[in-house]
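Below you'll find the structure, written out as structure tokens, and then a few comments.
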Protein chains: 2
Amino acid sequence: MANIKDVAKAAGVSPATVSAVVNDTAYVSPALRARVLEAVESLNYSPMSAARNLKRGRSQLIALAVADLHNPFFSRLVCAAEAAVSAWGYSLVVFNSDEKPENERTILARIRSLSCDGMVLVPIGSPERYQQFWRDPAAPPLVLFGREIGDNRFDAVTLDNVLAGRRTTRYLLDLGHRKIGSITGPTFLSTGAGRLQGLLQAMEERGLKPDPEHIRSGDFREEIAYSVAMEMLQRPDRPTAIYVANGLMALGTMRAVNDLGLRCPEDISIASTDTLPGVGGLRPRLTRTEHPLGEMIDQAVRFLMDRISNEDAQTQGRRVTFPPELLLGDSCAAQ
Amino acid sequence: MANIKDVAKAAGVSPATVSAVVNDTAYVSPALRARVLEAVESLNYSPMSAARNLKRGRSQLIALAVADLHNPFFSRLVCAAEAAVSAWGYSLVVFNSDEKPENERTILARIRSLSCDGMVLVPIGSPERYQQFWRDPAAPPLVLFGREIGDNRFDAVTLDNVLAGRRTTRYLLDLGHRKIGSITGPTFLSTGAGRLQGLLQAMEERGLKPDPEHIRSGDFREEIAYSVAMEMLQRPDRPTAIYVANGLMALGTMRAVNDLGLRCPEDISIASTDTLPGVGGLRPRLTRTEHPLGEMIDQAVRFLMDRISNEDAQTQGRRVTFPPELLLGDSCAAQ
DNA sequence: GAACACCAGAAAAACGTTTCGCTAGATAAC
DNA sequence: GTTATCTAGCGAAACGTTTTTCTGGTGTTC
């Protein structure tokens, strides 16, 4: 592969001049500039980023480490992140911790050694895990995404999960439902806990309290949600509406509804937070609160760019919480 | 960040020795090795990959450039590729050409300058586009994925699309269907053309020929498939079964079926190639042929690893075509 | 016409590794 | 005891850039 010296030789100039032309970093007379560009063209030269990175100390790489790439929600995140990152001239390196702490550890080490210029992390586990990462001056800027870990030193972008739960539940309450159940995510995750808390808040506002038997964790997984829903819906005092905490579980719940011969929304109303890509056309259309995913990842990347350019940046973590949007389908009926 | 010299100084050895220890590339006496490791530990040293890459001439990066990241199929591909690549100690850089040639051009340039050690490409457009890429000795090994472009110089991993179409159609024929329609992908893509061709072959085997009005392109998109299906299903001589060429369109077709008050499979049988993630629980469960995606990407990565280690490799492109699996749901009924 | 400022471009150092060739010391052989 | 053999570890070059410093030539000004 042609290197900068080859180009310099071909154009009869010094490597410095080639660099100046290629990076547009200093004035070069039109004549020379043309010769250089011609040489670049004919040799099909493109600067080797390993060398450039070594010299410049940055890599033009942004890492995205998600907790579970199998979950379509995170797939959508990858898609949005790729777009956001490449708009700033960066490339996206994708990692999947698969909810396993040891994987996450490996990934963090790898990101550091790749000298990624920044990273977006959907964290698993508790803040202690990131202590060392935080202290390490060589670590790239970090934005936590989606999940709260109770540590305000990092920048963080999240959905207002409590609001999501509250808003969705209020909608069900406004339709007249009183016996509202929920299939929640894991409560050790802020996404699971927050959405549940929002539901509880909304019901409490009306002086209601859910039947404990109607609040069950589906672990954010389709099959588990299915079996939990099967059981809940077969109870004699089954709820009239269910708030499901994510898209995969919403589908599992719908399946249970169908398998039991129940009709949605006539027999049971279903509302969720989040949905699945591509299923927009399914009937009944799901009533749900959604993440403004594009805006969220844009914000996360903006945080990173900010830290990257402002080395002297405040050490305090900034956090932005996005409100969910309530999108009406026809999976809920008045009670 | 601590560098190799700092470690060397701390351990009282030369940088060469540190390198030998870190990479386990030469014998170092136990005593020294321990001192070095201790220094590495206490300084939290990790080799800077930019420098290492510069010296070694590789980057431990594999690029995956897909044609449309919004399509859930390619999201699944990302997930599978991340796993395959990291199993070999590489990291995955993800790009989305969004079916736009100019994006693809940019991406190829970027991959080259990142010195990615290999790339998996879901190509858009015709082979000429990759000519220059092919001639460039600096370009990393390339495996084409999913789509045929009629150029046998590259390694390629594909699904046997013709077989997918044929197998699915035969299944419908065996159920007694004679008036079989299809919502196809774009026929300028091998995936679209192949699946359609498979359908035609299967029908021809039985001396049948589809009504031209029953063969329509849905462009691999949900909404287009919806409107095409709406129209096709409202024809007085509507087909009794439809073969839909991908998962997104299958959902659109199902939606049209529902919106027209038709029942599947009683009124119309639907079978597809590919499906959507997470919708495994939907009713009716889709009868479909699926990509063995994990095996396919594993094969692609193995091709790359092969080229990476065997510099002297054959210049001839190898190609592996995977047979689709037919998975029975309950979206098809006997006619 | 001389002194000076200015500027385009070149030369060279530096970034952090790996790796080749070498040295010095130990061991073994005679 | 001398020489040959071997080996652990070191020094230094090299990878391909960017960037700082330097140089030589041109133009300006009094």
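Numbered from 1 within each chain, the chains take letters A, B, ... in sequence-line order.
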Among [options], the one nearest [X] by side-chain distance:
{"X": "B/Lys55", "options": "D/dG11, D/dC15, D/dT17", "answer": "D/dC15"}
{"X": "B/Arg52", "options": "C/dT17, D/dG16, D/dG9", "answer": "C/dT17"}
{"X": "A/Met48", "options": "C/dT18, D/dG16, C/dG9", "answer": "D/dG16"}
{"X": "A/Leu54", "options": "C/dA8, C/dG16, D/dG9", "answer": "C/dG16"}
{"X": "A/Ala16", "options": "C/dT18, C/dA10, D/dT17", "answer": "C/dA10"}
{"X": "A/Arg56", "options": "C/dT18, D/dT18, C/dG9", "answer": "D/dT18"}

In this structure, how many angstroms lie between the [atom2] atom of [N] and the [atom1] atom of [X], rounded?
{"X": "A/Tyr45", "N": "D/dG16", "atom1": "OH", "atom2": "C1'", "result": "7 Å"}
{"X": "B/Asp24", "N": "D/dA8", "atom1": "CG", "atom2": "P", "result": "14 Å"}
{"X": "B/Gln60", "N": "C/dT18", "atom1": "CD", "atom2": "C1'", "result": "14 Å"}
{"X": "A/Arg35", "N": "C/dG9", "atom1": "CZ", "atom2": "C1'", "result": "11 Å"}
{"X": "A/Lys5", "N": "D/dC15", "atom1": "NZ", "atom2": "P", "result": "6 Å"}
{"X": "B/Leu32", "N": "C/dG25", "atom1": "CG", "atom2": "P", "result": "15 Å"}
{"X": "A/Asn3", "N": "D/dC15", "atom1": "CG", "atom2": "P", "result": "9 Å"}
{"X": "B/Lys9", "N": "D/dG11", "atom1": "NZ", "atom2": "P", "result": "12 Å"}

Heavy atoms of other groups near A/Glu41 CD, more than 12 under 6.0 Å: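 Atom CD in A/Glu41 is not crowded, with 12 or fewer foreign heavy atoms closer than 6.0 Å.
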Backbone of B/Asn53 reached by a side-chain donor or acceptor of B/Ser59 within 3.5 Å: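 Checked: no pair found.
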Sidechain-backbone polar pair: A/Asn103 side chain, A/Asp98 backbone, donor-acceptor under 3.5 Å: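 Not a single qualifying donor-acceptor pair exists.
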Touch class at under 4.0 angstrom, heavy-atom based, for B/Ser19 against every strand present: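 Since a base atom lies under 4.0 Å of B/Ser19, the category is base.
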Sugar-phosphate, base or nothing in reach of A/Asn23, heavy atoms under 4.0 Å: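 Sugar-phosphate contact only.
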Basic-acidic side-chain contact under 4.0 Å: A/Asp117, A/Arg307: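 No, this pair does not count.
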A/Arg319 with A/Asp151: basic N within carboxylate O range, under 4.0 Å: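 Looking at A/Asp151 together with A/Arg319, the answer is no, because their closest N to O distance does not fall below 4.0 Å.
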Which residue lies more 5' along DNA chain C, comparing B/Pro47 with A/Ser14 via nearest heavy atoms: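 First, find each residue's nearest nucleotide; the 5'-ward one identifies A/Ser14.
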Are any of [X]'s side-chain N or O atoms less than 4.0 Å away from OP1 or OP2 of [N]?
{"X": "B/Ser29", "N": "D/dG9", "value": "yes"}
{"X": "B/Tyr27", "N": "D/dC6", "value": "no"}
{"X": "A/Thr17", "N": "C/dA8", "value": "no"}

